[in-house]
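Working notes, structure below.
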Amino acid sequence: MTMREAVSSFVHDGDTVSLEGFTHLIPTAAGHEIIRQGRRGLTVVRMTADIVVDQMLAAGCVSRLVSSFVGNSSAGSLGELRRRVEKADPEPLIFEEYSHYGMICRYLAGAQRLPFYPLRSYGGSDLPSVNDGLRKVTSPFPGPDGEPEQVYVVPPVNPDVTIIHAQRADRSGNTQIWGLTGVQAEAVYAADKAVVVVEEIVEDEVVRSDPNRTVIPSHAVDAVVACPRGAHPSFAQGYYDRDNAFYRAWSGISKDPDRLRDWLKEWVYGTADHAEYVSKLGEEFWDSLAVGEAMSLPVNYGRRLG
Amino acid sequence: MTMREAVSSFVHDGDTVSLEGFTHLIPTAAGHEIIRQGRRGLTVVRMTADIVVDQMLAAGCVSRLVSSFVGNSSAGSLGELRRRVEKADPEPLIFEEYSHYGMICRYLAGAQRLPFYPLRSYGGSDLPSVNDGLRKVTSPFPGPDGEPEQVYVVPPVNPDVTIIHAQRADRSGNTQIWGLTGVQAEAVYAADKAVVVVEEIVEDEVVRSDPNRTVIPSHAVDAVVACPRGAHPSFAQGYYDRDNAFYRAWSGISKDPDRLRDWLKEWVYGTADHAEYVSKLGEEFWDSLAVGEAMSLPVNYGRRLG
Amino acid sequence: MTDSTTTTDVTSSELLAVVASRELAARRTVFAGIGLPTLAASLAHLTVAPQLEIVYESGVCGAHPSHLPETIADAVLITGAEAVLSMPALFGYVLQGGHIDVGFLGAAQIDKWGNLNTSVIGDWDAPKVRLPGSGGAIEVMANSREVFVVMRRHDPRSFTEKLDFCTTPGPDRAVEEGLRPLGTGVTRVITELGILARAGVGEELTLVAVHPGVTVDQVRENTGWDLAVADTVETVRPPGADELRLLREDVDPDRVYLR
Amino acid sequence: MTDSTTTTDVTSSELLAVVASRELAARRTVFAGIGLPTLAASLAHLTVAPQLEIVYESGVCGAHPSHLPETIADAVLITGAEAVLSMPALFGYVLQGGHIDVGFLGAAQIDKWGNLNTSVIGDWDAPKVRLPGSGGAIEVMANSREVFVVMRRHDPRSFTEKLDFCTTPGPDRAVEEGLRPLGTGVTRVITELGILARAGVGEELTLVAVHPGVTVDQVRENTGWDLAVADTVETVRPPGADELRLLREDVDPDRVYLR
């Protein structure tokens with residue numbers, strides 16, 4: 001399936017869309033295609049709301065954000081996000097604030113079809129006063145001191161669609177990720193539909209040579225999209241490195257609404273698809289993000305003889 | 001550390017000992033060493049209480065069993081376990097019965113230091129009437145119909161020590177498992193102390209060539225024991241196959257208390273350690289369990305150049 | 001048992017496997033234990049359900065075994081599989097997450113609502129026979145969209161009015177407790193006498209088909225409760241030559257389970 | 001800031017990294033973000049804590065980077081690492097499971113109990129400045145045995161009597177709510193002026209050391225609450241030649257963070 005078809009089939013106005021990938025394998029190309037197709041009123045669920053979220057906000061796709069970190073990595077601020085939150089400029093943004101593990105536990109609950117997930121966070125925090133999703137449960141088992149024990153819980157999140165980026169999958173959707181695997185499996189299992197964007201679609205034999213590497217089995221995947229370099233400016237371990245210069249540049253671009261609009265015009269609306277974005281960046285650029293070789297040593301999955 | 005030292009240091013009379021490995025990588029050699037050292041009054045926690053548990057019961061090590069399946073795989077019955085439970089012969093056995101996922105959730109709660117773990121099992125079952133660990137919690141979030149929703153929960157299990165078998169680890173305890181990985185990571189993280197028994201201790205470089213293969217990091221491991229073929233009659237993917245004939249034979253051996261005693265005398269008390277057990281079985285025997293080659297294809301963990 | 005000439009050369013295992021395989025038509029995911037369920041699922045994969053993915057509780061998804069597995073954790077299931085998951089992921093995300101269309105279960109006892117006993121014969125505290133227990137059966141029942149039960153023995157002790165112990169409740173019992181199970185519980189029970197079916201919560205198992213040569217009365221006599229019988233009881237189509245050939249030559253040529 | 005001649009050639013980053021590194025003596029596991037914590041932990045690994053394992057919230061345990069990482073998820077942290085875990089495992093088993101000895105945190109505001117604000121300046125609903133939020137800080141605080149805070153800026157707006165918003169509570173606030181946190185919360189705050197310390201729940205941050213040339217009054221003036229001062233305020237030993245050489249030549253030769 002092409003990215004255009006995947007977004008057109010699985011992302012609708014008003015949907016709750018999870019985009020996951022913790023610094024590694026951020027599904028940027030999918031975010032750009034959502035912008036190109038002009039989706040509106042989305043609820044975006046993403047632990048680290050970073051550049052791609054700022055871009056989707058600027059393009060007017062997003063009315064609600066569920067996140068645990070709204071910043072441009074350690075490289076600065078997200079200009080559009082701050083304008084939306086601080087000044088409702090050009091329009092308000094509904095924001096649900098969690099911590100990282102709170103978000104992880106929401107995916108865990110969603111993936112496991114649980115009504116809530118307990119965690120040992122939030123005691124004494126002001127967050128429960130601004131987030132109705134943070135509630136407490138009394139354990140039916142006595143605590144260490146024999147007294148009743150309370151623990152915070154978060155509700156499940158079940159996105160209409162989760163989109164992730166991965167290194168590779170086979171045609172039927174068995175998806176392999178290495179390096180940082182983040183919360184991608186949980187985000188996919190929590191969702192009603194799942195789209196996996198990959199650097200490459202590989203032969204069945206490649207995947208089946210190492211079934212433990214399959215982080216997401218095909219039964220949980222609704223569409224596989226081949227989109228090389230689709231995680232830029234984030235990285236894909238073993239494929240290309242992080243574009244740290246772009247992260248640093250984004251604070252400046254996003255601080256100025258005109259510059260941000262121009263950037264979107266040139267790099268998103270001005271490119272028909274991610275392949276055009278990639279070629280517009282040029283081979284010399286991609287050479288600067290090239291990675292070396294550090295191959296895993298094989299293990300033997302051999303079965304009995306005969 | 002030798003197995004003798006590990007059991008002597010980390011398994012004490014009256015301890016709660018988790019032995020995990022779901023059909024694959026069962027820590028049999030550790031169980032045998034516990035028998036040799038004559039531990040008493042143990043609580044054994046193990047999802048599938050199978051041959052090694054029957055042997056530990058017969059040797060008088062165990063006074064309480066926490067399990068979700070008490071049978072000899074699909075190959076028949078556990079004679080000693082049935083005598084203990086059905087006739088208190090030669091002594092009673094306290095038995096806490098869970099389902100597989102109930103056991104998994106107990107490890108999940110233990111590993112995550114949670115007071116309980118919710119799961120969608122047990123509604124309508126008679127198990128809660130015989131197991132006080134199965135309780136209910138009312139979710140603080142309304143159910144799909146807007147009404148309050150109840151869900152069963154299980155308590156954490158935090159063994160004094162968890163012992164698992166794995167294919168390989170480095171000297172500091174970074175443990176790699178492939179094929180069936182079961183619930184080993186959770187059982188280790190739930191425990192106060194953890195002993196990892198491995199087919200081989202490998203160079204740091206081997207482990208570090210594939211960090212996603214590390215199921216258990218060194219910070220969770222207290223002792224690494226090299227004990228080749230220590231999972232027999234279970235198997236180690238890529239090392240040796242399952243000894244299905246022994247599984248079939250066990251129903252007969254364990255049915256007759258005298259035969260069972262003789263078996264222990266010959267194969268456990270009569271061997272100084274697992275190396276002697278292995279050599280007593282003989283090379284021809286081990287050849288019959290040899291496995292072929294099915295090597296995983298490598299992946300590239302390469303970083304940026306320069 | 002089945003004395004029709006069309007099936008005289010068919011073993012009981014073959015019969016059950018073939019009949020169960022047909023029920024898997026157009027299914028996507030099946031949670032199967034070793035033995036008859038594996039045979040049935042493997043045969044279905046070659047006949048009525050080419051897209052079928054067999055999920056094993058050991059963590060294997062999309063196995064492509066070179067040989068018929070002898071256990072649910074046989075190394076042949078892992079070599080060349082599409083995915084091997086940890087047990088928390090398999091039970092939590094795949095099974096409880098609602099990704100299983102059909103779960104296969106067996107039992108020592110079953111009642112008319114499809115509740116199962118795999119724990120004890122007699123009292124739980126002082127059992128006459130201690131059985132293996134739930135394993136993952138409680139979870140398979142609670143979370144699969146539907147459950148098929150294959151029972152080799154069809155007699156009044158196994159098909160009982162009252163279970164000695166309810167290890168694995170169907171959704172009817174869960175609903176009584178105020179919980180909301182995902183699936184419909186047992187929808188098919190396949191035995192050497194015929195097929196019982198059940199449409200959903202609140203319904204009891206009903207005889208819908210008998211094997212050639214088996215009478216409705218025979219099934220009634222071998223069932224420990226007052227068995228409901230469908231208005232029209234079909235006769236099960238005997239295993240066809242193609243089905244038997246595939247089962248014998250491709251699925252289990254070494255006759256591991258086709259004893 | 002620090003006008004003593006012994007440290008004139010030492011940058012603020014170098015000073016904070018060296019001082020923080022010393023506090024890691026004999027620790028086993030540290031949860032570190034990128035920047036100063038990474039510098040401090042890497043230096044400690046070469047000096048006072050050879051067994052130190054640095055755990056990153058991205059999932060990396062036991063990194064052996066060939067270059068200094070630029071982000072917590074830099075590919076150089078993964079290549080050659082001892083383990084890379086999923087985030088549920090990292091946060092659930094490693095952090096909440098209680099395996100972290102020292103967690104490093106930063107903040108826009110800190111109060112005398114070591115509670116932190118990283119969410120907003122102003123009202124949460126209509127903030128003057130929207131800050132990034134918790135990330136994993138709430139979990140690091142709740143679950144590490146102790147927490148070190150490194151603050152570049154030591155002024156009354158950052159060291160405040162009342163936080164604009166408490167994102168990340170120390171255990172004192174959690175205990176008030178009836179919960180039982182694992183650790184002691186913030187035990188060290190390292191700034192350009194000196195070191196504040198806190199012994200445990202119920203204690204407030206107390207000035208225990210100043211850098212050479214800094215007076216106790218200077219620290220008091222730059223702290224937004226009535227600062228407790230230890231009976232004996234030590235003078236921080238300036239970075240030694242060995243420490244600076246290791247930091248400059250081995251830990252961060254490209255001066256990624258040592259700006």
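Given the structure is predicted, the values throughout are model-derived calculations rather than measurements.
Heavy-atom distances place both the backbone and the side chain of E149(B) under 4.5 Å from chain C. For L90(C), no part lies under 4.5 angstrom from a heavy atom of chain B. Of the atoms belonging to R248(B), it is side-chain heavy atoms, and not backbone ones, that fall under 4.5 Å from chain C. Contacts of F95(B) with chain C are made by both backbone and side-chain atoms, with heavy-atom separations under 4.5 Å. Neither the backbone nor the side chain of I177(B) comes within contact range of chain C, judged by heavy atoms closer than 4.5 Å. In this structure, the portion of P148(B) lying under 4.5 Å from any heavy atom of chain C is its backbone and not its side chain. Both the backbone and the side chain of L127(B) have a heavy atom closer than 4.5 Å to some heavy atom of chain C. For K136(B), the part lying near chain C is the side chain, with the backbone staying farther off; criterion is any non-hydrogen pair under 4.5 Å. Heavy-atom distances place the backbone of L131(C), and not its side chain, under 4.5 Å from chain B. Of the two parts of M103(B), neither the backbone nor the side chain holds a non-hydrogen atom closer than 4.5 Å to a non-hydrogen atom of chain C. Proximity to chain C (any heavy atom under 4.5 Å) is shown, for N72(B), by neither the backbone nor the side chain. Residue T118(C) does not touch chain B at all, counting heavy-atom pairs closer than 4.5 Å. With a threshold of 4.5 angstrom between heavy atoms, Y247(B) does not approach chain C through any atom at all. Only the side chain of E186(B) comes within contact range of chain C, with heavy atoms under 4.5 Å apart.
Interface check for chain C: of the options S99(B), G71(B), S67(B), the most heavy-atom pairs under 4.5 Å are formed by S99(B).
The closest donor-acceptor contact from the side chain of Q96(C) to the backbone of L119(B) lies at 3.5 Å or more, if one exists at all. A side-chain donor-acceptor contact under 3.5 Å links S125(B) to the backbone of T167(C).
Side-chain contact between E147(B) and R180(C) is present, with at least one heavy-atom pair separated by less than 4.5 Å. Residues V130(B) and F165(C) have side chains in contact (heavy-atom distance under 4.5 Å, counting atoms from C-beta outward). Proximity of S58(C) to H24(B): side-chain heavy atoms (C-beta onward) are nowhere separated by under 4.5 Å. Taking the side chain as every heavy atom from C-beta outward, R130(C) and L78(B) never approach each other to under 4.5 Å. The shortest side-chain heavy-atom distance between D126(B) and R173(C) falls under the 4.5 Å cut-off. The closest side-chain heavy-atom distance from E57(C) to F22(B) is below 4.5 Å. Within the 4.5 Å cutoff, the side chain of R82(B) has heavy atoms near those of the V129(C) side chain.
Summarising the geometry, atom CD belonging to E139(C) is positioned 7.5 Å from atom SG belonging to C105(B); distances are rounded to the nearest 0.5 Å. With rounding to the nearest 0.5 Å, the separation of CZ in F91(C) from OG in S121(B) is 9.0 Å.
Annotation for R248(C): atom CZ counts as buried by contact number, over 12 foreign heavy atoms lying within 6.0 Å.
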With side chain to side chain contact (heavy atoms under 4.5 Å, CB included) as the test, would you mind laying out the steps for T181(B) and V84(C) before giving the verdict? CA-CA 8 Å; T181(B) 58; V84(C) 176; 5.5 Å; no
E86(B)/V120(C) under side chain to side chain contact (heavy atoms under 4.5 Å, CB included): CA gap, chis, key distance, verdict: CA-CA 10 Å; E86(B) 294 168 8; V120(C) 287; over 6 Å; no
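Heavy atoms only, all atoms of each residue included: A294(B) and T79(C) are closest at CB-CG2, 3.7 Å. Counting all heavy atoms, side chain and backbone alike, P88(C) lies closest to G182(B) at CD-O, 3.6 Å. Of all heavy-atom pairs between E97(B) and G133(C), the closest is OE2-CA, 3.6 Å. Of all non-hydrogen atoms in Y152(B) and E177(C), the two that sit nearest each other are OH-OE2, 2.6 Å. The minimum heavy-atom distance linking A174(C) with G123(B) is given by the pair CB-O, 3.3 Å. Across G179(B) and I78(C), no two heavy atoms sit closer than the pair CA-CG2, 3.7 Å.
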